[in-house]
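The model shown is predicted, which means the values in this text are computed figures rather than measured ones. Labels below follow one simple rule: chain letters A, B, ... track the order of the sequence lines, proteins then strands, and each chain is numbered from 1. The figures here come from the full heavy-atom set of this structure, side chains too, leaving out hydrogens, waters and symmetry mates.
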2 protein chains.
Amino acid sequence: MSAPREADGPIALICGAGTLPLAVADHLTARGHAVLLLPLQGVANEDDYRNRPHTFIRAVQLLPLKRALRNADCRDVVLIGSMVRPAFWRMRFDWDSLKLVPRLAAAFRGGDDHLLRGVAKLFEQQGFRLVGAHEVAPEILVPKGTLGRLQPSQADRDDIAFGLAYLHAARQFDVGQAVVVSGRHVLAVEAAEGTDGILSRVAKLRANGRIRSKGGVLVKAPKPQQDRRFDLPSIGPATVEGAAKAGLSGIAVVAKETIMAEPAALAAAADRAGLFVIGEPVGAVE
Amino acid sequence: MSAPREADGPIALICGAGTLPLAVADHLTARGHAVLLLPLQGVANEDDYRNRPHTFIRAVQLLPLKRALRNADCRDVVLIGSMVRPAFWRMRFDWDSLKLVPRLAAAFRGGDDHLLRGVAKLFEQQGFRLVGAHEVAPEILVPKGTLGRLQPSQADRDDIAFGLAYLHAARQFDVGQAVVVSGRHVLAVEAAEGTDGILSRVAKLRANGRIRSKGGVLVKAPKPQQDRRFDLPSIGPATVEGAAKAGLSGIAVVAKETIMAEPAALAAAADRAGLFVIGEPVGAVE
């Protein structure tokens with residue numbers, strides 16, 4: 001983890017959905033960094049960028065992106081915000097990126113890690129450097145300890161340890177970053193459906209009686225081999241709402257290796273819903 | 001694996017949903033065994049039993065069950081057919097089983113294995129013996145090799161090996177028996193939602209573009225520590241239909257450790273849908 005030097009010029013933020021990109025921009029500005037905002041067309045919310053200088057870009061149109069980065073004398077690039085993995089056939093390629101299609105297609109065939117590593121390599125081959133949002137703005141990382149007022153019970157702590165152990169065992173298969181555990185029983189494992197998907201599934205299975213147990217914990221952890229520059233797990237107020245609808249008693253993530261969106265709103269949502277949110281010490285299981 | 005001796009009296013089949021219990025009854029009858037059919041009220045289809053002697057029983061009402069077993073001089077009991085795990089609060093207890101509630105509740109708190117081991121123990125304490133359907137009717141087990149006309153490709157074989165390796169690594173967590181793999185990428189992991197649940201999820205994620213890859217394999221394997229007497233994975237024509245809707249290229253299970261319902265209809269459904277169904281040799285991964 002090393003913050004880029006001032007001499008490198010402004011830091012470019014390629015912004016996905018949500019408010020996290022703006023929080024990162026604010027943290028960087030407060031620290032005296034110049035920031036180049038590049039919200040993704042069709043992904044980022046236009047209204048959020050109305051009052052800040054920005055240039056909208058399209059995914060996989062490299063030419064305008066390269067031009068914007070070079071005009072601003074920008075070497076460091078951060079990918080931040082929610083990026084629903086785009087369907088390959090939905091992308092609109094320009095001439096420059098068309099030449100990269102075979103390599104992009106290869107990146108798409110693997111798991112998410114493979115894809116992201118492929119994208120990072122492409123950036124580096126163009127002379128840019130992909131850095132993690134948390135490397136330039138460590139304020140966005142979940143700290144150790146609870147975020148709201150509530151603490152996990154001993155049963156919750158058992159479920160957290162069980163979930164972390166499972167995620168550790170599954171790490172080599174590039175499968176999800178999240179699991180729901182209740183009474184040392186795995187209720188749901190995340191793969192392609194995402195964290196929102198497993199939370200709404202648990203809510204549904206509880207409503208129709210397929211899951212009878214109460215409580216349970218959403219446990220998230222980064223896969224050890226993933227490139228932590230741009231694929232850390234993240235939580236936000238919406239995660240708390242999903243966990244509450246699923247009848248869970250709390251959320252556990254790995255401290256310093258999980259990004260949080262809107263920490264104040266997140267803690268308030270947790271207190272309101274009666275859930276705990278805890279950052280577990282790094283390496284609790286490994 | 002030892003077939004019960006004739007001296008033990010008839011074999012009782014506690015019958016869940018589907019036609020598998022009737023197939024087991026036919027195999028036993030063909031081998032000269034007497035059979036006592038005990039379909040579960042509200043689970044087994046009444047019409048299926050109209051032409052055979054039977055006694056309907058209720059889940060967790062032990063007194064009528066014990067009476068039926070003792071009247072028939074029956075010691076060996078087989079649990080067979082699809083049993084949707086009943087919601088604890090939905091069960092109607094009789095006086096005799098009410099005494100068992102604390103122990104049943106303890107069994108319910110664990111994973112599925114724990115529950116089934118608990119039920120087996122209860123039966124044994126009452127003087128009965130719980131035997132696996134495949135122990136008395138090995139004809140219901142998937143043989144080694146393909147069931148229909150189609151064979152897996154080399155890419156499918158890679159996905160099968162990847163899926164079996166994942167299930168092997170996840171075995172100690174008492175989590176699902178099935179996984180969907182495509183291009184060595186885990187698309188879905190089964191937990192509380194069941195195999196039908198992961199197949200319909202993959203179908204949906206493909207329809208909405210969250211999964212872009214094509215093909216893929218449903219891989220099922222028994223959890224090594226599970227009690228194989230009454231919790232082997234199973235497949236049937238409906239599994240093939242679900243896999244076809246999910247856009248998969250086939251289904252791989254562990255030969256001799258997977259139960260198949262309606263093998264002829266299963267193979268016909270696979271051929272019709274253009275899917276392979278293969279029994280992998282036991283211990284392909286362990």
Set of residues satisfying side-chain hydrogen bond (donor to acceptor under 3.5 Å, both in side chains) with respect to N45(A), sequence neighbours excluded: none
Within-4.5 Å side-chain heavy-atom neighbours: V175(A) and V189(B): yes
Rounded distance (nearest 0.5 Å) linking atom CZ of F173(B) with atom NE2 of H185(A): 13.5 Å
Contacts of A255(A) that satisfy side-chain contact (heavy atoms from CB on, under 4.5 Å) - sequence neighbours left out: K144(A)
Where at least one partner belongs to residues 151-168 of chain A, residue pairs that pass salt bridge (Lys or Arg N to Asp or Glu O under 4.0 Å), sequence neighbours excluded: none
Residues in residues 192-206 of chain B that sit under 4.5 Å from chain A, counting heavy atoms only: A192(B), E193(B), G194(B), R201(B), L205(B)
